[in-house]
Protein chains: 2
Amino acid sequence: MQTNFTIDCVIYSFHLGKLQVLLTERNEYPYKDWWALPGFFVDKEEEMEEAVERILYELTGLKGIYMEQLGAFAGVKRHPQGRILTVAYSTIVKYDEVESKIKPMTSYMRQAKWFAVDSLPDLAFDHREIIQKSLQKLKSTLYYSTIPYELLPEKFTLSQLQQVYEAILGKTLDKRNFRKKIVNAGYLRELSEVQKGVSYRAARLYKFDKRKFFKTTGVE
Amino acid sequence: MQTNFTIDCVIYSFHLGKLQVLLTERNEYPYKDWWALPGFFVDKEEEMEEAVERILYELTGLKGIYMEQLGAFAGVKRHPQGRILTVAYSTIVKYDEVESKIKPMTSYMRQAKWFAVDSLPDLAFDHREIIQKSLQKLKSTLYYSTIPYELLPEKFTLSQLQQVYEAILGKTLDKRNFRKKIVNAGYLRELSEVQKGVSYRAARLYKFDKRKFFKTTGVE
DNA sequence: TCAAAAGTGTTCGCATTACACCCATGC
DNA sequence: GCATGGGTGTAATGCGAACACTTTTGA
């Protein structure tokens, strides 16, 4: 049995040097044929976190991912068929682990697709506003969060890490300062391995050390 | 006509050197006779911000006060009579402007009373958790917000300002460093007036300059 | 040998921290 | 004259910002 409020998920990943958001194409009124954030009514006995996890799983096959509440959106006019409150959550997934598994959840939506955050289509409801707010929060907490590492493969180069930061912040960063800051923070483990298959000097690989991160930041 | 979600308000003020929260004593089940955050069902055609403003007005006679959404709380078991979602907001009021006007809103609650945040009674629902989260947010945004000035009279001394910071952060601050930082920030206007009616050296009075604050922080 | 990206230090200014004494006033 | 809070400066340290060249590698 359903409640009368929904959750909407802002699901991010990183691909082709850009921050991407997963959108679904609606197959039902209202906003039939529009792109929208994946979202659903929450069940009566279902915790909201479970609902996000369910949607994420049905859409991407992934479980147990970091997720965070953004807030409630309940504008009187946000939904053309009467007032419906939605609670927005955001989560982060690795593009490579997900790409092949993306599938629409139900017949309510026709397809699911990644869009770069800097070139979104028109969106249903107030979903553009939700994404805007989510991005704002993402930017402001970036340096104290594990998010960049959720977006990268286990082993990564410092340049890749910098690209993630630049994609999210929407601006370029100084290479030397960035490296100094990140390496100084002390939660990267330098590997003896280097990149393979590139036609230029191979970069050193690093791993993120969660333990040290939590020890030094105390966050989460 | 009512929706089936509520808003709960965390209403702060500052008195006797302590940060205070306004609580109401419930006169209805569930949680009859318990203290709780002032809250209500939102009307069908009412924006949430309007609802907070309404509650604030009915309880304190104040209008047009800064308020902010904290988030949605919808734990399946938070309400004994079935799942009810609540959206928490926080606002700040000046104790002196409000003190005499405090009154219960409806027969749903018997009385309203200020409690210091460091000595709260047992609370209904998940209201302790809501206050906890609200306080956390308050602390982390304190230095970039106008909140301390919302809590003080128009003209105040630097010591009073420091007391507000200390009460909210729950720790003591170094007087010289605090003054340097605040004065350097550049949005206080030093008046030629001093305190009156104290039995020791009268302190200089200051005013908060909102214009300069927004110019230098860009926030809000 | 060329193209592409990797990798690397220093300087400057500013903010934060720690720390202790004299001053002005009312009673 | 004494109790009470008001008011003040300096040194050490750390962080962020600006800035350009050499090295390595594969093709």
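Values in this document were obtained by computation on a predicted structure and should not be read as measured data. Chain letters run A, B, ... following the sequence lines, proteins first and then strands; every chain starts at 1.
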Novice: Could you check how far NZ of B/Lys171 sits from C1' of C/dT16, rounded to whole Å?
Specialist: 12 Å

Novice: If I take atom CD1 from residue B/Ile7 and atom CZ from residue B/Arg54, how far apart are they, to the nearest 0.5 angstrom?
Specialist: 7.0 Å

Novice: So, for A/Lys155 and A/Gln160, which heavy atoms are closest and what is the spacing to 0.1 Å?
Specialist: O-OE1, 4.4 Å

Novice: Identify each atom pair where a protein N or O and an N or O of nucleotides 8-12 of chain C are less than 3.5 Å apart, giving names and distance.
Specialist:
unit_1	atom_1	unit_2	atom_2	d
C/dT10	O4	A/Lys180	NZ	2.9

Novice: If I take atom CG in residue A/Leu161 and atom C1' in nucleotide C/dG7, what distance separates them, rounded to the nearest angstrom?
Specialist: 15 Å

Novice: Ignoring backbone atoms, establish whether B/Lys181 has a side-chain N or O less than 4.0 Å from OP1 or OP2 of C/dA15.
Specialist: no

Novice: May I ask you to establish whether B/Lys212 and B/Tyr187 are in a cation-pi arrangement, using a distance under 6.0 Å from NZ or CZ to the six-membered ring centre and at most 45° from the ring axis?
Specialist: no

Novice: Search all heavy atoms of B/Asp174 against all heavy atoms of B/Gln162 and return the closest pair with its distance.
Specialist: C-NE2, 4.1 Å

Novice: Under 3.5 Å, is there a donor-acceptor pair between the A/Glu68 and A/Tyr66 side chains?
Specialist: yes

Novice: What heavy-atom pair brings B/Ile130 and B/Thr86 nearest, and what distance separates the two atoms?
Specialist: CD1-CG2, 4.2 Å

Novice: Does B/Tyr143 have B/Lys181 sitting over its ring (NZ/CZ under 6.0 Å from centre, angle to axis within 45°)?
Specialist: yes

Novice: Between B/Ser134 and B/Tyr12, is any side-chain donor less than 3.5 angstrom from a side-chain acceptor?
Specialist: yes

Novice: From the 5' end of DNA chain D to its 3' end, which nucleotides mark the outer limits of contact with chain A, defined by a 4.0 Å heavy-atom distance cut-off (strictly under)?
Specialist: D/dG16 to D/dA27

Novice: I'd like a list of close polar pairs between nucleotides 24-27 of chain C and the protein, N/O only, cut-off under 3.5 Å.
Specialist:
unit_1	atom_1	unit_2	atom_2	d
C/dG26	O4'	B/Ser199	O	3.4

Novice: Ion pair present between B/Lys207 and B/Glu154, side-chain N to carboxylate O less than 4.0 angstrom?
Specialist: yes

Novice: If I take atom CD in residue A/Gln160 and atom P in nucleotide C/dG7, what distance separates them, rounded to the nearest angstrom?
Specialist: 11 Å

Novice: Assess the residue pair B/Glu150 and B/Thr146 against the criterion (side-chain hydrogen bond (donor to acceptor under 3.5 Å, both in side chains)); give the C-alpha distance rounded to whole Å, side-chain angles, the decisive distance to 0.1 Å, and a yes or no.
Specialist: CA-CA 7 Å; B/Glu150 313 266 2; B/Thr146 64; 3.2 Å; yes

Novice: Please identify which of these residues, B/Gln132, B/Lys77, B/Lys133, B/Arg78, meets the side chain to side chain donor-acceptor pair (under 3.5 Å) condition with B/Asp126.
Specialist: B/Arg78

Novice: Would you kindly give the CD-to-P distance between A/Gln163 and C/dA6, to the nearest whole Å?
Specialist: 8 Å

Novice: Looking at every strand, decide which applies to B/Thr157 at a 4.0 Å heavy-atom threshold: base, sugar-phosphate, or nothing.
Specialist: nothing

Novice: What is the distance from CG of B/Leu173 to P of C/dT17, rounded to the nearest Å?
Specialist: 9 Å

